[in-house]
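So that the names make sense, note that chain A is the first sequence line, chain B the second, and so on, each numbered from 1.
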There are 2 protein chains.
Amino acid sequence: MPSTIPLNQEITLTVIKTACSNCNLRELCLPFGLSLEELERLDDLISTRRRIKRGDHLYRAGEAFDSIYAIRSGFFKTDVLLEDGRDQVTGFQMAGELLGLDGISTEHHTCNAIALEDSEICAIPFNRLESLSREIHNLQHHFHKVMSREIVRDHGVMMLLGTMRAEERLAAFLLNLSQRFTARGFSHAEFYLRMTREEIGSYLGLKLETVSRAFSKFQEEGYIAVQQKHIRILNVNGLKALMNHRA
Amino acid sequence: MPSTIPLNQEITLTVIKTACSNCNLRELCLPFGLSLEELERLDDLISTRRRIKRGDHLYRAGEAFDSIYAIRSGFFKTDVLLEDGRDQVTGFQMAGELLGLDGISTEHHTCNAIALEDSEICAIPFNRLESLSREIHNLQHHFHKVMSREIVRDHGVMMLLGTMRAEERLAAFLLNLSQRFTARGFSHAEFYLRMTREEIGSYLGLKLETVSRAFSKFQEEGYIAVQQKHIRILNVNGLKALMNHRA
DNA sequence: GCGTTGGCTTGATCCATGTCAACCGGAACT
DNA sequence: AGTTCCGGTTGACATGGATCAAGCCAACGC
């Protein structure tokens, strides 16, 4: 019961702040749909929380896998590196999203997860998550949905990379970000990009110059206002239209 | 016990032929790592088997999801269609692989699954799979690995679409097929493509003409021999080298 | 206040792949 | 055997985005 815990003790305060049951992301994150009692059992499992500074790795490709991670706050990218130096950003993750699902398959992480701003994560030991989800049907089912959602998201990216032109890709990217910010209670129309043009380009299969030119074009057309990393969306429908018409 | 079953009754024969415990794909498929007793419990769950004729849909985007499917024999593609007519092949699946994982997320299928040759599938009711995997730890863990493997595979495709040029993509594609045929006991060096140039192109984010030209180029270089859908790989290392050098 | 640095923008040019079009060859049907 | 059709190949040309290069701007350190 939060009300019975002495709030003047800092360590206790921290406990309150970081429990799933008290986390304002719980509807976006793993706890979705759990009862209060179930939530408390999930709390027990998440013992480790960590701060990751901007630029630091949460994990690296090749490291042994034993936990998945929920982002409490902050912003990450994941990328894959090939021996020949090529790399590809495979995703950008924000608060409430899970990282590390790729590691389950081989028991080793297959990509790098890097914080794009100072972030906080909850480590969820995977074997304990599996055993708890054998007991809590809701947790099991929701976890399966989260994994499946990741597969669907990846299909969307494949679609984007396989069939869209540069401007369509960037429009899709901005609309996706906007929608995810909205789901977290932020403005849908105004936000700061946490990633560089080069990272956007890598994710979208474009060069940074192309990304930059597309931003400028969108600005000329009056769809958005860009100032470095600060984006204001002025005409959502314009961006949507750009994506839906086969040129 | 198979030996006690009267083999002269056709219906019984069918039962033997299609049980997981007697399936020669079990090491590639869901039953991987299960004990004999566990296997029999999995058998109980897989009540529905279906033949899908070449060209027919196993499921369509938008349909309600209730089962995942294991391919017993045959060959499938999955694709996503956009309103504006664009479509993207998101994968090719062969015997022992699972289809339908994308549907868990929203309880509706998000892509189409189409047989590229006459095929046979086992339908696995998903809610029963979940309840069984709450009881059989091995099954649960293996299922998680399979989903995770799909995510890793998708990252590989994103890498391919985002960073590789046409010939690298096709080389990667051929090597991947070769390796999967090998895992199923077929020749690694000689096989028939089940899909058209257009379908390969869609998967690889290329136009069919580009695919065709790349095939011809590989043939000129002596890496492969192509005759329509019949492929012989003459120089695996040549293909591998093509992928690894940043041109 | 000034130089340095990293990220961003913009322009000029090039090239890989798309587009359009003709043709080929095997399979299925008449 | 001839016709049709579908998938594949090949050629000529167009173009979107890559590449190369210069310059700009904001943040930061000295």
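A donor-acceptor contact under 3.5 Å is formed by the side chain of A/R213 with the base of D/dT19. Residue-to-nucleotide contacts include no donor-acceptor pair under 3.5 Å from the side chain of A/Q228 to the base of D/dC25.
Listed nucleotides: C/dA16, D/dG17, C/dT9. Nearest to the side chain of A/T210: D/dG17. Side-chain proximity of A/A166 to the nucleotides C/dG18, C/dT19, D/dG17 is greatest for D/dG17. Of the candidate nucleotides D/dG8, C/dT19, C/dT10, D/dG8 has the atom lying nearest to any side-chain atom of B/R197.
Checked options B/D79, B/T90, B/T78; the residue passing with B/N112 is B/D79 (criterion: side-chain hydrogen bond (donor to acceptor under 3.5 Å, both in side chains)).
Between the P atom of D/dT9 and the CD atom of B/Q227 lies a distance of 10 Å, rounded to the nearest Å. Remark: C1' of C/dG26 and NZ of B/K229 are 11 Å apart, rounded to the nearest angstrom. Regarding A/K217, its NZ atom lies at a distance of 16 Å from the C1' atom of C/dT9, rounded to whole Å. Following rounding to the nearest Å, A/E209 (CD) and C/dA12 (C1') show an atom-to-atom distance of 13 Å. The nearest whole Å value for the distance from the CE atom in A/M164 to the C1' atom in D/dG17 is 17 Å. What separates CG of A/L208 from C1' of D/dA21 is a distance of 13 Å, to the nearest Å. Atom C1' of nucleotide D/dA26 and atom OH of A/Y192 are separated by 13 Å, given to the nearest angstrom. Atom CE in A/M195 sits about 21 Å away from atom P in C/dG6, given to the nearest Å.
Interatomic distance, B/T210 OG1 to B/I200 CD1, rounded to the nearest 0.5 Å: 12.5 Å.
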Intermediate values then yes/no, side chain to side chain contact (heavy atoms under 4.5 Å, CB included), B/E120 and B/R50:
CA-CA 6 Å; B/E120 261 186 305; B/R50 241 203 300 165; over 6 Å; no
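Remark on DNA chain D: of its neighbouring residues B/E198 and A/K207, the 5'-side contact belongs to B/E198, judged by nearest-heavy-atom nucleotide.
Among the atoms of the strands shown, base atoms are found under 4.0 Å from some heavy atom of B/S212. A/G201 comes within 4.0 angstrom of nothing in the nucleic acid, heavy atoms only. Using a 4.0 Å heavy-atom criterion, one finds that B/L206 contacts the sugar-phosphate atoms exclusively. Among the protein residues, B/T196 comes within range of the sugar-phosphate backbone only, with heavy atoms under 4.0 Å from sugar or phosphate atoms but none that close to a base.
Distance alone, capped at 3.5 Å, places no donor-acceptor pair between the B/S73 side chain and the B/S119 backbone.
For A/F32, the CZ atom counts as loosely surrounded, since its 6.0 Å shell holds 12 or fewer non-hydrogen atoms of other residues, nucleotides or ligands.
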